[in-house]
Amino acid sequence: MYISPSFHKQVLVALNYKQFTILASVFVLSLPLFSQRKLYYFSGSDWCVSCIKFKKEVIESNKFRGFIKRSEIDFEILDFPQRKKGLTKSYINHCDSLASLYNKEGSFPKLVSVDSGEAFTHNLKKAIPFLLAEIDSIFSPLINKIQSSKKIMGSRFKFTIKNRADSSIIFQEGWSLIEKIEKEISSWDSLSLTSKINRNAGLSPLKVPIEFFKLVEYCKNTSEITQGAFDITVKPAVKIWDWKKSTVPSEESVDSVLSIVGSKYIQLNESDTTVFLKKKGVELDFGAVGKGYAADKVIQMWENEFNLNYGVVDAGGDIVAIENEDKLHVIIPNPENPNGVKYEIGVSANAVVTSGDYFRSFQIENKKYSHIINPKTCKPVESSVSSVTVIAPNGLMGDALATAITVLGEVVGIGLINQLPDVEAIINKTDGSEFFSEGIITTYE
Ligand code: ADP
Ligand code: MG
C-alpha cells in the first residue's frame, strides 16, 4: 500500500498492523536499474466517452502527473482517434504495433505498464489512489531503491534509500546512530543517561547534551498539552505492570507509585542543560517515543550529512520519511471492500505512527491489559481504542500523541488533535468504529 519513490502510503487501519508495515516496505527491494519503465495509455480521444472522462479525471490530474514525473516513468499516450488528421504515418504505425502487442482486444481506455517485457493491464475502474499504487507497485522495484533492515530497540527497523555508491555507509551511519541513541535513552540500560538521571532523582541535577535536553523538554511539554496522558515519568508504573511476568500488581503497589509519577517532578534548567527529578523514586522512560525519536534523528542525519532527498525509516511501524514534495500520503480503504478507498488523507506530513493494542497488549485470566499506562491511575488503559494512527511532522510527535490518544480515548483524543496544527489522527475502536480528526478529507467512498 505504500508506493515509492513518492512513498505514498495507504493504511489498512481497519485491517491489521502487519499488513500496514509489510506493505509499507514491500516495494523497496534492491534491484538493478531497468531501462524500460514504460507506461502506455491507449485512448480514443475523439470517440471514446470513457477515455475523455478518464483523461480528465486521471491522466490530467495533478496527482497522476506528479506521480509520473517523480517516478521517472516513461509515459506515452497511444491515441487511436477516428479522425486521424494530423497524425504522422510513423506515429500511427507505432501505435498499431503496440496495440497488437498490448491491446489486441482493443479496449479503451487502457493503461499498460511494461517492465522486463511483461505487460500489466491496470483496472481502470479503481479509484485513482489505488490505480497509482498499483502502477507504482509494478515500477518501484525497478527504481533504484535499496533497503537495510535490523532488529534494534526491540523492533525491526527498515531503512530505504535510493541506491548510490556510498549506500552501505549511509546505512551504517544510521544503525550506529540508533545504537547510540538507544544506549543514551534506554531506561533499561543501567549505563544510559536516562538511568543516571533516574539514580540522581531527589539528589542532584545532571548535565545532559542539548539534544537529550530538548527531548526531555518536548516530552514534558507534551505531557502538559495532553493533560498528563502522555508522561515519561510513568516508568515506576510500567515496572509494576510487568507484562512479561503477566501478573497484576496489588492495589498497594499501584498506590505507592501514584506519588512518584508526574511530569511536574521533572525540573529543567535550560541555561546549563540540566535535568533533575525532584523526588526520589521518580524515573524517566522513553519507551513510548524512542523509536519515533530515533527515526527522526536518522532522517535528519541523512539529510544533513549525506544530502539525501529520499529516505524512509520504518521503525517497527513508526514511519518517518525525508521531506519531499510527495510527503506521506495515506489512504484508508474501505474495510468491506479493500479495492475501494474509503478515505484519503490529504495532509502534509513526514511521519505516520501507528500504535495498536493488538500486538503489544497482554492477557491475564481473559482480561486484556494495554501496554499503555494511564499515568493518572498508574494502571493500564482500559479504553476500547484498538489502534491509533497519527500523521505528524515528525516521529517523536507522532509517537507521543499516539500514546496520549490511547489514554485519552476517541472523544478527547480527537478534540486534542483538532487543536494542534499539522497533526491528524485516525482512531479505530474494538467495535470496528473509526474516528478521524478534521484534516482528514474524505474524497472517495
Ligand atoms: P506502541 O508501539 O504501541 O506505540 P510503544 O512501544 O511506542 O508502543 O510504547 C509503549 C511504551 O511506552 C511502554 O512500554 C511504556 O514504556 C511507555 N508508556 C506506557 N504508557 C505511557 C504513557 N502514558 N506515557 C508515556 N509513556 C508510556
Ligand atoms: Mg510509540
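We count ligands from 1, going down the list as the structure has it; atoms in each ligand are counted the same way. We number each residue from 1, following the sequence as shown. Since we're looking at a predicted model, the values are computed, not measured.
- With sequence neighbours left out, the side-chain hydrogen bond (donor to acceptor under 3.5 Å, both in side chains) criterion links S176 to Q172.
- Applying the 4.0 Å criterion to heavy atoms of F230 picks out, from ligand 1, the atoms 24 (N), 25 (C).
- The atoms of ligand 1 that sit less than 4.0 Å from any heavy atom of D285 are 15 (C), 16 (O), 17 (C).
- The shortest separation from a heavy atom of A229 to ligand 1 is under 4.0 Å, placing the residue in contact.
- L39 places a side-chain heavy atom less than 4.5 Å from the side chain of L111.
- Side-chain contact between L206 and L193 is present, with heavy atoms from C-beta onward closer than 4.5 Å.
- Considering backbone and side-chain atoms alike, T354 places every N or O at 3.5 Å or more from each N or O of ligand 1.
- Where the criterion is an N or O separation shorter than 3.5 Å, residue side chain and backbone included, H371 meets it with respect to ligand 1.
- Counting backbone and side-chain atoms alike, V353 contributes no N/O/S atom closer than 2.8 Å to the Mg ion (ligand 2).
- When heavy-atom distances to ligand 1 are checked against a 4.0 Å cut-off, D231 comes that close only through its backbone atoms N, CA, C and O.
- Heavy-atom distances between K291 and ligand 1 reach below 4.0 Å in at least one pair.
- Taking distance alone, with nitrogen or oxygen atoms compared against 3.5 Å, V289 stays at or beyond that limit from ligand 1.
- Side-chain contact between Y293 and M153 is absent, with no heavy atoms from C-beta onward closer than 4.5 Å.
- Of all atoms in ligand 1, numbered sequentially from 1 with element shown, those under 4.0 Å from a heavy atom of V234 are 18 (N), 21 (C), 26 (N), 27 (C).
- Applying the 4.0 Å criterion to heavy atoms of I372 picks out, from ligand 1, the atoms 19 (C), 20 (N).
- A salt bridge links E251 and K379; the closest N-O separation between the charged side-chain nitrogens and carboxylate oxygens is under 4.0 Å.
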Review point. Could you go step by step and tell me if T354 and T389 meet the side chain to side chain donor-acceptor pair (under 3.5 Å) rule?
Key: CA-CA 4 Å; T354 298; T389 297; 3.0 Å; yes

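- For D399, the N, O or S atom with the smallest separation from the Mg ion (ligand 2) is OD1.
- Under the 30°/60° scheme for interplanar angles, the aromatic rings of Y41 and F54 are found to be tilted.
- At a threshold of 4.5 Å between non-hydrogen side-chain atoms, the residues F306 and N304 do not count as touching.
- Scanning A400, G316, P375, A288 for the heavy atom closest to atom 26 (N) of ligand 1 points to A288.
- At a cut-off of 2.8 Å, D318 is not counted among the residues with an N, O or S atom near the Mg ion (ligand 2).
- A 4.5 Å side-chain heavy-atom check between W302 and V313 finds at least one atom pair inside the cut-off.
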